[in-house]
Trainee: 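Below: one structure in structure tokens.
Order of the sequence lines sets the chain letters (A, B, ...), proteins ahead of strands, with each chain counted from 1.
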Protein chains: 2
Amino acid sequence: MPEQPPAGRADRLPLNRDRVVQAALQLVHDGGLPALSMRRLGAELDVEAMALYRHVNGREDLLEAMVSHLTSRLERSADAQLGPDIGWQGYLQWLAHSVRDVAFEHPQVFPLVATRHPAAPWLRPPLRSLEVVEEFLVALTSRGFTDDQAVSAYRAFTSFLVGHLLLDVAQMGASTTEETIDEGGASAPNTTVTLVEFPNVERLADKLSEDRSQEEFESALEDLLDRIDRVVSQ
Amino acid sequence: MPEQPPAGRADRLPLNRDRVVQAALQLVHDGGLPALSMRRLGAELDVEAMALYRHVNGREDLLEAMVSHLTSRLERSADAQLGPDIGWQGYLQWLAHSVRDVAFEHPQVFPLVATRHPAAPWLRPPLRSLEVVEEFLVALTSRGFTDDQAVSAYRAFTSFLVGHLLLDVAQMGASTTEETIDEGGASAPNTTVTLVEFPNVERLADKLSEDRSQEEFESALEDLLDRIDRVVSQ
DNA sequence: ACCTGAACACCGTTCAAGT
DNA sequence: ACCTGAACACCGTTCAAGT
């Protein structure tokens with residue numbers, strides 16, 4: 001047998017920025033943000049952590065790159081998929097559902113998209129990409145919105161997305177990480193508090209635990225579009 | 001001169017949970033979340049980091065305690081301040097503005113309130129307190145809401161708060177932490193990207209940078225209340 | 001009872017050195 | 001050109017030991 005290279009993971013492909021970002025996304029997808037460290041990421045790629053600094057400008061840059069990777073799916077696909085003959089409502093419906101799909105595919109990563117410090121006031125989460133914002137503004141102004149109307153629609157739309165999607169994905173994470181009952185010692189005044197002091201929460205606990213995120217998203221989105229419509233066609 | 005105790009900070013008050021939490025809030029208020037470490041917090045209190053573990057059950061417990069400290073302001077003050085003769089719209093207006101006040105007083109801490117994993121599905125951020133949720137449900141059901149209506153109002157209301165306040169406080173932080181121009185080396189494909197490729201963003205940059213958070217909050221809140229009203233008095 | 005010292009197992013990041 | 005070793009300055013957390 002001729003000796004082969006150690007063949008750690010995937011035969012030692014050449015490292016590059018995209019592979020690094022991809023591996024980081026996978027790591028967070030599987031283990032949540034705490035699972036992402038430069039050293040662990042290096043190990044995942046069969047490389048010392050220090051080698052990553054050649055492809056990524058430190059941890060912050062890596063996180064930003066992960067966010068960009070996810071939001072890039074939202075870029076320039078609107079006209080390609082929809083054509084210019086669709087109304088602004090159709091466009092906003094498409095964009096809202098695209099963002100929702102991204103959020104639900106990477107529930108562990110989405111909080112990053114939604115909560116990392118925006119680089120500029122015209123990059124409101126979760127639409128953290130100049131390409132996407134440009135497309136948004138073109139889509140609306142080319143369909144009869146004034147500048148002011150487009151800007152305030154942008155603000156309302158982004159707030160809507162953050163408010164609904166962040167809570168939805170947080171709930172998903174909770175259902176996988178629960179099982180925190182029976183806290184060993186009886187020392188701390190802890191979470192295993194009885195609900196009897198809160199009779200209304202107790203009575204409604206089941207209803208409050210139901211997952212209505214889909215219906216709520218749709219109906220809140222329709223109301224938002226109505227609200228925008230009322231302003232635009234006043 | 002008789003020898004005195006070293007008299008570090010504030011004459012060595014006895015340490016307790018509340019002082020620890022208070023100091024942690026101050027630390028984050030001033031330096032953001034990255035400034036909070038057990039060791040730094042210990043130093044701030046003139047104590048070794050390990051002493052904190054007597055009053056706080058580790059870092060996670062500390063963060064949760066900080067959140068509780070902020071949300072406790074929302075508890076049981078409604079009836080005290082408003083009386084039971086106010087309508088549900090008045091109550092929701094009061095609660096929304098109370099949460100907004102908390103968020104703006106601690107813009108660095110609020111993201112914690114809004115994004116930390118909720119302990120249960122009936123504790124949706126930013127209303128992370130059983131007391132507050134109980135009061136919310138009582139306030140609405142005692143004013144004619146059915147159980148289902150109260151629950152769906154709870155969901156819509158919390159989503160609204162997260163969506164609006166999180167982006168508002170993020171914007172505040174951005175304005176204090178900007179000045180990231182003129183990135184030293186020309187190595188990375190970086191943020192100093194010219195806006196000329198995005199003519200609409202460029203043209204609307206000023207409008208997009210205006211701070212309309214107050215007006216938007218008020219008008220979006222009124223629309224939300226109208227929306228709820230339509231369902232309740234159908 | 002309350003705090004400290006020392007130790008352990010981790011971090012991110014740098015820089016000269018290897019190949 | 002690309003990666004590694006060693007080092008630095010930090011982390012959170014434990015536990016026996018001090019007073």
Trainee: Measure the distance from CG on B/L52 to C1' on D/dT14 and round it to the nearest whole Å.
Mentor: 15 Å

Trainee: NA contact type, A/M38, heavy-atom cut-off 4.0 Å: base, sugar-phosphate, or nothing?
Mentor: sugar-phosphate

Trainee: Atom CG of A/N16 and atom C1' of D/dC2: how far apart are they, to the nearest Å?
Mentor: 13 Å

Trainee: Ignoring hydrogens and angles, state whether a donor on the side chain of B/E75 or B/S129 is under 3.5 Å from an acceptor on the partner side chain.
Mentor: yes

Trainee: Side chain of B/L15, heavy atoms from C-beta onward: which of D/dT4, C/dC3, C/dT13 has the nearest atom to it?
Mentor: C/dC3

Trainee: Rounded to the nearest Å, what distance is computed from the CZ atom of residue B/R39 to the P atom of nucleotide D/dT14?
Mentor: 13 Å

Trainee: Choose from C/dC11, D/dC11, D/dC3 the nucleotide whose nearest atom is closest to any side-chain atom of A/H55.
Mentor: D/dC3

Trainee: Distance check needed: D/dC8 P versus A/M50 CE, whole Å only.
Mentor: 14 Å

Trainee: Could you state the atom-to-atom distance from CD of B/E48 to C1' of D/dT13 in whole Å?
Mentor: 14 Å

Trainee: Would you tell me if any nitrogen or oxygen in the side chain of B/R40 comes within less than 4.0 Å of OP1 or OP2 on D/dC11?
Mentor: yes

Trainee: Answer yes or no: is there a donor N or O on one side and an acceptor on the other, between the side chain of B/R17 and the main chain of B/V56, under 3.5 Å?
Mentor: no

Trainee: Can you measure A/L36 atom CG to C/dC10 atom C1' for me and round it to whole angstrom units?
Mentor: 15 Å

Trainee: Centre-to-centre under 6.0 Å for A/F217 and A/F160, is that the case here?
Mentor: yes

Trainee: Quick one: look up who D/dA1 pairs with, Watson-Crick or G-U, both distances under 3.5 Å, and put none if it's unpaired.
Mentor: C/dT19

Trainee: When you check the phosphate oxygens OP1 and OP2 of D/dC11, does a side-chain N or O of B/R59 lie under 4.0 Å from one of them?
Mentor: no

Trainee: Between B/Y53 (OH) and D/dC11 (P), how many Å, whole number?
Mentor: 12 Å

Trainee: Indicate yes or no: does B/R73 engage B/E105 in a salt bridge with an N to O separation below 4.0 Å.
Mentor: yes

Trainee: Whole angstrom is fine here: how far is it from CZ in B/R54 over to C1' in D/dG18?
Mentor: 13 Å

Trainee: Testing the 3.5 Å rule here: is there a donor-acceptor pair between the side chains of B/S213 and A/R155?
Mentor: no

Trainee: Could you let me know what C/dT14 is paired to, Watson-Crick or G-U wobble, both distances under 3.5 Å, or none if it's on its own?
Mentor: D/dA6

